[in-house]
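Worksheet: the structure to be examined is printed underneath.
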Amino acid sequence: MKVATWNVNSIRARQQPVIDWLDAVRPDVLCLQELKVGDEDFPFESIAESGYESAVFGEKTYNGVAIVSRYPLQDVERGLNDGQEDPQARLISACIEGITIFSAYFPNGGEVGSDKFDYKLRWMSRLRALLAKRFDPETDQVALCGDFNVAPWDEDVARPAEWRSSVLACDAVREALEDLASFGLQDVVRPFHPQGGLYSWWDYRGRGFERGNGLRIDHIYCTPRLAERAIGAIVDREERARKSPSDHAPVMVEFA
DNA sequence: ATGTCAGGCGTAGCCTGA
């Protein structure tokens, strides 16, 4: 079973690349982030023509997440559902073939110390609480996929000196991710690329891709029973090298 | 600090967010 995640930076701008990628790669599940459209503008029909069912939590202009799957999507849930307000569409989950898969778009965080940064840390803590409430990490098979907006290690950053103090790689967000993972989730991509140097996002500004200035901020984190089934992980850099790309490349893990 | 994108508004070009 192949599970992928891709921040497409507008599904409207990337509709054909997404469909072409589904047709070429044939993942079983693709988690999407930054749709930037309301549910009514999501291309359900075009994606269905390629053989995929979609569950969408859209938002006009900003955010928006989806899960597309070759298998039926069950028990779809949208948002953090913790009784507090979250006006931003950043989380959707569905049960697929006995695995609960999340598509998550973590807040970027703006600048360290800003209100947006506080929101990012709070959001991560609320996500941890949701996981702890809904799942038993010992027995449940859960995959948290998405744009985490966190590069967990210096090996995930091409130029640590340039990014170490940023909202993507500073100690506070790395600690928040460690706390989230301490629920019982592990990074299933890193073990296949222990040397690091594998990136999933390159800033449009400053021609990050052309200059090799990348970060690994898109992740697939799994509970142990699912993680032990992982047999490979890739980042599809070719999608970032194409004309008019998203600033993110797809990340995909195969499970036995 | 920002050399690039994308969407909104509204129909040019500025603003926001990333």
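Since the structure is predicted, the reported quantities are computational estimates derived from the model, not experimental observations. Every chain is numbered from 1 and lettered A, B, ... according to where its sequence line falls, protein lines coming before strand lines.
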> Who are the side chain to side chain donor-acceptor pair (under 3.5 Å) partners of D218(A), not counting sequence neighbours?
Replying inline: S200(A), H248(A)

>> Roughly how many Å apart are dG3(B) and dG8(B), using the P atom of each and rounding to a whole number?
In response: 24 Å

> Of all residues at least two apart in sequence or in a different chain, which pass the ring-ring contact (aromatic ring centres under 6.0 Å, His included) check with Y221(A)?
Replying inline: F148(A), H219(A)

> Given the C1' atoms of dG10(B) and dC15(B), what is the spacing between them in whole Å?
Replying inline: 13 Å

>> Taking salt bridge (charged side-chain N to carboxylate O under 4.0 Å, His left out) as the definition, give me every residue that meets it alongside R237(A), ordered by chain and number, with sequence neighbours left out.
In response: none

> N9(A) or G110(A): which one's nearest nucleotide on DNA chain B is closer to the 5' end?
Replying inline: N9(A)

Show me, pair by pair, the donor-acceptor contacts under 3.5 angstrom made by side chains of residues 70-80 of chain A, not counting sequence neighbours?
from: R70(A); atom 1: NH1; to: R26(A); atom 2: O; distance (Å): 3.4
from: R78(A); atom 1: NE; to: V56(A); atom 2: O; distance (Å): 2.8
from: R78(A); atom 1: NH2; to: V56(A); atom 2: O; distance (Å): 3.4

> Of all nucleotides in DNA chain B with an atom under 4.0 Å from a non-hydrogen atom of chain A, which is the first and which the last going 5' to 3'?
Replying inline: dG3(B) to dA18(B)

> Using atom P of each nucleotide, how far apart are dG13(B) and dA1(B) to the nearest Å?
Replying inline: 28 Å

> Toward the 5' end of DNA chain B, which comes first, E111(A) or N63(A), by nearest nucleotide?
Replying inline: E111(A)

> Partners of D236(A) by side chain to side chain donor-acceptor pair (under 3.5 Å), sequence neighbours excluded?
Replying inline: W21(A)

>> So, using side chain to side chain donor-acceptor pair (under 3.5 Å) as the criterion, who are the partners of D86(A) when residues are at least two apart?
In response: Y119(A), W123(A)

> With rounding to whole Å, what would you report as the distance between dT2(B) and dG7(B) at their P atoms?
Replying inline: 24 Å

> Considering residues at least two apart in sequence or located in another chain, which fulfil the side chain to side chain donor-acceptor pair (under 3.5 Å) criterion with D39(A)?
Replying inline: none

> Of all of residues 198-218 of chain A, which get a heavy atom below 4.0 angstrom from DNA chain B, listed by number?
Replying inline: Y204(A), R205(A), R207(A), R211(A)

>> Can you confirm whether W153(A) sits close enough to R190(A) that some side-chain heavy atom of one is under 4.5 Å from a side-chain heavy atom of the other?
In response: yes

